[in-house]
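In what follows, a single structure is set out as structure tokens and then discussed.
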Number of protein chains: 2
Amino acid sequence: MTHDIHNRIALFRAEHAMSRRDLAEAVSVNPQTIGYLERGDYKPSLELGMKLARVFAVPVELLFSFDPFPPMADALRAAGERP
Amino acid sequence: MTHDIHNRIALFRAEHAMSRRDLAEAVSVNPQTIGYLERGDYKPSLELGMKLARVFAVPVELLFSFDPFPPMADALRAAGERP
DNA sequence: ATGAAATGTTGTGTTTACACAACGAATCGT
DNA sequence: ACGATTCGTTGTGTAAACACAACATTTCAT
């Protein structure tokens with residue numbers, strides 16, 4: 001059917017040094033829910049998706065995508081970082 | 001206590017001259033579902049929200065918002081249209 | 001004026017995103 | 001070593017997002 005939704009929640013959570021509990025509180029959900037989302041066990045509501053994007057101050061499309069995200073290193077290089 | 005989500009689905013659908021059936025087919029849902037969304041009877045999944053934004057070629061945040069959308073005339077004026 | 005298309009509404013049923021609890025394993029600071 | 005935090009997993013329950021059907025009403029083209 002329709003491809004599932006990929007996300008970078010774990011990535012951004014790591015960069016912001018937040019625990020699942022921290023993030024859960026920031027978006028008012030149960031901590032387990034963050035775990036389910038990160039390992040793709042279920043897909044968030046639009047409301048939760050937008051709240052998560054707001055926490056990380058990124059557009060929704062940078063946090064969620066229908067296509068799998070390319071490796072971070074690609075984006076870093078494309079952003080101008082050189083070896 | 002969570003603020004509901006506002007959307008501009010009807011607006012964009014009008015601009016694109018699509019019927020609910022048209023839009024429903026474009027995002028693979030039942031036509032009634034579009035109606036429910038437009039009148040705020042229920043809130044879409046992230047997947048459906050992103051599909052709708054993709055149909056109109058706009059970022060999710062332009063189609064959905066936690067705060068009510070300002071009147072269109074405001075945006076038109078701010079965009080440079082003069083009386 | 002007639003009919004078709006678009007819309008609004010109501011109802012029933014299924015699936016799933018959540019809440020919440022409980023537990024084991026891994027990691028970390030002290 | 002120890003406890004505290006984090007993470008992973010499993011299970012149960014509920015609310016709501018959907019599908020689908022049926023029908024009334026409005027709008028619109030001819």
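We name chains A, B, ... by the order of the sequence lines, and we start the count at 1 in each one. Since this is a predicted model, take the numbers as computed values, not measurements.
Nucleotide C:dT9 holds its P atom 16 Å from the CD1 atom of B:I34, rounded to whole Å. The distance between atom CE of B:M18 and atom P of C:dA6, rounded to the nearest whole Å, is 12 Å. Look at CD1 on A:I9: it is 15 Å from C1' on D:dC7, rounded to the nearest Å. D:dT5 atom C1' lies 8 Å from atom CZ of A:R21, rounded to whole Å. Between A:F64 atom CZ and C:dA17 atom P there is a gap of 13 Å when expressed in whole angstrom units. Whole-Å rounding puts the A:E38 CD to D:dT9 C1' distance at 15 Å.
A side-chain donor from one of A:S19 and A:D22 sits under 3.5 Å from a side-chain acceptor of the other.
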- prompt: Could you write nucleotides 14-24 of chain D as a row of B, S and -, 5' to 3', where a protein heavy atom under 4.0 Å of any base atom gives B, of only sugar-phosphate atoms gives S, and otherwise -?
  reply: ---SBSBBB--
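Contact between the side-chain N/O atoms of A:R13 and the OP1/OP2 oxygens of D:dC7 is found at a separation under 4.0 Å. Look at A:R39 and you'll find a side-chain N or O under 4.0 angstrom from OP1 or OP2 of D:dT9.
A side-chain donor-acceptor contact under 3.5 Å links B:E61 to the backbone of A:V60.
Residues that satisfy the salt bridge (Lys or Arg N to Asp or Glu O under 4.0 Å) test with B:R13, not counting sequence neighbours, are B:E38. With sequence neighbours left out, the salt bridge (Lys or Arg N to Asp or Glu O under 4.0 Å) criterion links A:E25 to no other residue.
Note on A:F66: it clusters hydrophobically with B:V58, by side-chain heavy-atom contacts below 4.5 Å among ILVMFWY residues.
In this structure, B:L46 CG and B:F64 CZ are separated by 9.5 Å, a value rounded to the nearest 0.5 Å.
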